[in-house]
Amino acid sequence: MTDLRAPTLAEALLGWFDRTRRDLPWRRDRTPYRVWLAEIMLQQTQVQTAIPYFERFLARFPTLADLAAADEQAVLKLWEGLGYYSRARNLLHAAKQVVRDFGGQLPCEFKALRALPGIGEYTAGAILSLACGAKTAAVDGNVVRVISRWSGSAWSAKSAQDRRQAADYVLAQMPDSRPGDFNEALMDLGATVCLPQNPRCAACPLAWGCQALRTNLTGALPLRDKSPAVPTEHRLLLLVAAAGLWHVRQRPSDGLLAGLFTFDWLSPNRDPKRFRIYLQGRDDILVRTLPSLTHRFSHLAWHIDALRLELPRADLDELACWLDANEPQPEGRWVDRQDLDQLPFPAAVDRYRRQELDEPFNPSPVSL
DNA sequence: CTCCAGGGGA
DNA sequence: TCCCCTGGAG
């Protein structure tokens with residue numbers, strides 16, 4: 001007998017998922033540790049970016065217990081370039097807690113997961129549904145977009161209240177049999193079909209019932225707030241070398257780029273022009289002007305001018321009054337080329353590291 | 001270039 | 001509410 005009733009959201013979505021499911025590394029073996037690691041990496045990060053990081057991380061720390069025994073710098077090194085470095089630090093701290101409190105096994109229990117650093121509402125839901133098989137919503141930005149368009153609801157991914165509404169909607173539609181697949185299907189649809197811009201509605205398995213498509217509102221849903229203009233800070237980066245060593249500093253353990261290493265910065269309360277004049281008078285310091293660049297963060301931008309300095313000795317005493325020192329190591333460190341490769345650098349500064357480290361030094365006049 | 005996306009902590 | 005980072009699209 002032919003089934004004449006309309007399909008449900010879950011049937012259409014899971015049918016599509018079964019045909020098009022992406023083969024991603026963390027889907028091959030859905031253990032709580034692998035799901036957890038993947039979900040942390042995927043926060044604010046695109047799938048293609050996260051894949052090589054996930055592989056390297058698991059190769060280095062195959063189990064949660066291996067991770068818990070790591071030191072922070074090794075974890076940050078594996079996170080280098082991925083951004084939002086507090087995710088890596090929280091991951092390590094949470095792993096230690098799980099070893100201490102749960103014998104190294106992530107608990108399949110919402111309150112316990114939610115209490116771990118770095119695990120919020122979304123990540124707890126993702127671990128529970130994907131790794132534990134629990135019927136739990138996992139509402140990220142993708143899911144808010146899909147459900148907001150499907151239901152024609154004027155929701156914003158930033159609003160906690162709207163995310164709750166979306167979670168309630170998801171839970172009401174979720175089949176008892178495949179909660180993890182249902183959540184993953186929603187995320188896949190948001191990532192590959194129900195795109196923020198130019199959604200591919202012609203290829204969408206939910207087009208038949210989509211309120212936003214029916215009312216021509218896919219461009220308006222979900223609601224988004226316009227991004228505010230970010231202030232630009234002008235900074236002078238100094239790649240200081242002497243006798244084959246490079247001078248680096250570790251940033252403070254909180255705030256921007258916490259715990260990562262950079263080269264030196266001219267102190268913000270020093271005038272860059274005066275510093276360039278000073279350098280012209282120092283015949284013993286070789287200088288080269290490097291290309292400038294602008295690096296944007298979420299809330300501010302750095303316009304970076306950069307100089308490479310070759311000192312006669314590995315000694316910063318005479319230069320120290322120009323430089324930006326910070327706790328806990330105001331004096332910084334001199335490291336060789338091999339050591340430098342072991343230190344985590346943020347993307348903004350890593351571009352200079354990659355470009356300059358193995359370049360021969362060609363001094364140039366200091367431009368003012 | 002500019003615009004935009006994307007969870008959690010304090 | 002603000003802070004945290006990078007990459008991809010156009």
Side-chain angles (χ1 to χ4, degrees), chain A residues 35-53 76 78-94 97 113-127 137-146 148 155-164 166-167 183 186-188 190-192 194-200 219-233 251-262 291-304 344-351 354:
Chain A
V35 168
W36 173 46
L37 177 62
E39 289 303 331
I40 300 297
M41 287 189 168
L42 289 166
Q43 289 170 8
Q44 334 295 46
T45 304
Q46 307 211 334
V47 164
Q48 290 310 316
T49 306
I51 286 174
Y53 283 90
L76 284 174
L78 283 166
W79 214 266
E80 184 181 58
L82 203 52
Y84 288 110
Y85 299 95
S86 65
R87 292 182 295 169
R89 294 137 49 88
N90 285 335
L91 195 68
L92 175 58
H93 295 147
Q97 285 185 31
L113 286 174
R114 189 67 184 73
L116 293 168
I119 297 186
E121 201 76 13
Y122 163 77
T123 307
I127 295 171
V139 176
D140 66 357
N142 283 316
V143 175
V144 171
R145 188 169 60 251
V146 170
S148 142
W155 291 333
S156 156
K158 306 260 319 195
S159 157
Q161 189 181 334
D162 292 351
R163 290 171 81 108
R164 268 196 299 279
N183 282 337
L186 285 169
M187 296 180 223
D188 269 17
T192 63
C194 195
L195 302 169
Q197 263 89 36
N198 307 317
R200 302 168 48 223
L221 299 179
L223 303 180
R224 51 199 140 204
D225 29 344
K226 58 174 195 281
S227 50
V230 300
T232 298
E233 295 179 1
R251 295 178 58 86
S253 57
D254 58 350
L256 185 65
L257 304 172
L260 273 72
F261 285 79
T262 71
S292 300
L293 62 82
T294 299
H295 188 87
R296 282 178 317 89
F297 299 100
S298 52
H299 55 297
L300 73 98
W302 281 350
H303 179 90
I304 302 178
F345 273 66
V349 178
D350 198 42
R351 295 194 235 178
R354 288 200 309 269

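Order of the sequence lines sets the chain letters (A, B, ...), proteins ahead of strands, with each chain counted from 1.
- Among the protein residues, Gln48(A) comes within range of no part of the nucleic acid, since none of its heavy atoms lies under 4.0 Å from any strand.
- Heavy-atom distances to DNA chain B give each of Gln46(A) and Leu116(A) a nearest nucleotide, and the one nearer the 5′ end belongs to Gln46(A).
- Residue contacts shown for Glu39(A) are absent, as no nucleic acid heavy atom lies under 4.0 Å away.
- For the pair Leu82(A) CG and dA5(B) P, the interatomic distance rounds to 20 Å; values are reported in whole Å.
- In this structure, the separation between NE2 on His93(A) and CG on Leu116(A) is 12.5 Å, given to the nearest 0.5 Å.
- Phosphate contact (OP1/OP2 of dC5(C), side-chain N/O of His295(A), threshold under 4.0 Å): absent.
- The CD1 atom of Ile40(A) sits 18 Å away from the P atom of dT6(C) (whole-angstrom rounding).
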For this session: Apply side chain to side chain contact (heavy atoms under 4.5 Å, CB included) to the pair Trp79(A) and Leu260(A), showing each step before the final yes or no.
Result: CA-CA 10 Å; Trp79(A) 214 266; Leu260(A) 273 72; over 6 Å; no
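- A donor-acceptor contact shorter than 3.5 Å links the side chain of Asp162(A) to the backbone of Ser156(A).
- Backbone-only contact: Thr123(A) has heavy atoms under 4.0 Å from sugar-phosphate atoms and none from a base.
- No donor-acceptor contact under 3.5 Å links the side chain of Gln43(A) to the base of dG6(B).
- A donor atom on one side chain and an acceptor atom on the other are not found under 3.5 Å apart for Asn90(A) and Arg87(A).
- Arg296(A) places its CZ atom 11 Å from the P atom of dT6(C), with the value rounded to the nearest Å.
- Between Tyr84(A) and Pro117(A), the residue anchored closer to the 5' end of DNA chain B is Tyr84(A), taking for each the nucleotide with the nearest heavy atom.
- Summarising the geometry, the separation between CZ on Phe297(A) and P on dG6(B) is reported as 21 Å, rounded to the nearest angstrom.
- For the pair Arg224(A) and dA5(B), the criterion of a side-chain N or O lying under 4.0 Å from OP1 or OP2 is met.
- Here Arg145(A) lies in heavy-atom contact (under 4.0 Å) with sugar-phosphate atoms only.
- Phosphate contact (OP1/OP2 of dA5(B), side-chain N/O of Gln197(A), threshold under 4.0 Å): present.
- Using modelled atom types, no side-chain atom of Glu233(A) and backbone atom of Trp302(A) make a donor-acceptor pair closer than 3.5 Å.
- Using modelled atom types and a 3.5 Å distance limit, the side chains of Glu39(A) and Tyr122(A) yield a donor-acceptor pair.
- Across the protein-nucleic acid pair, Gln44(A) atom CD and dC4(C) atom C1' stand 9 Å apart, rounded to whole Å.
- For Arg200(A) and dA9(C), the CZ to P distance is 13 Å, given to the nearest whole Å.
- With contacts defined as side-chain heavy-atom distances shorter than 4.5 Å, the pair Tyr84(A)/Thr45(A) does not qualify.
- Listed in residue order, the members of residues 85-94 of chain A having a heavy atom less than 4.0 Å from DNA chain C are Tyr85(A), Ser86(A).
- Separating the CE atom of Met41(A) from the P atom of dG7(C) is a distance of 14 Å, rounded to the nearest angstrom.
- Ranked by how close their nearest DNA chain C nucleotide is to the 5' end, Lys158(A) and Thr49(A) are led by Lys158(A).
- Atom CG in Asn142(A) sits about 13 Å away from atom C1' in dC4(B), given to the nearest Å.
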For this session: Mind running side chain to side chain contact (heavy atoms under 4.5 Å, CB included) on Arg145(A) and Asn142(A) for me, showing each step along the way?
Result: CA-CA 5 Å; Arg145(A) 188 169 60 251; Asn142(A) 283 316; 2.6 Å; yes
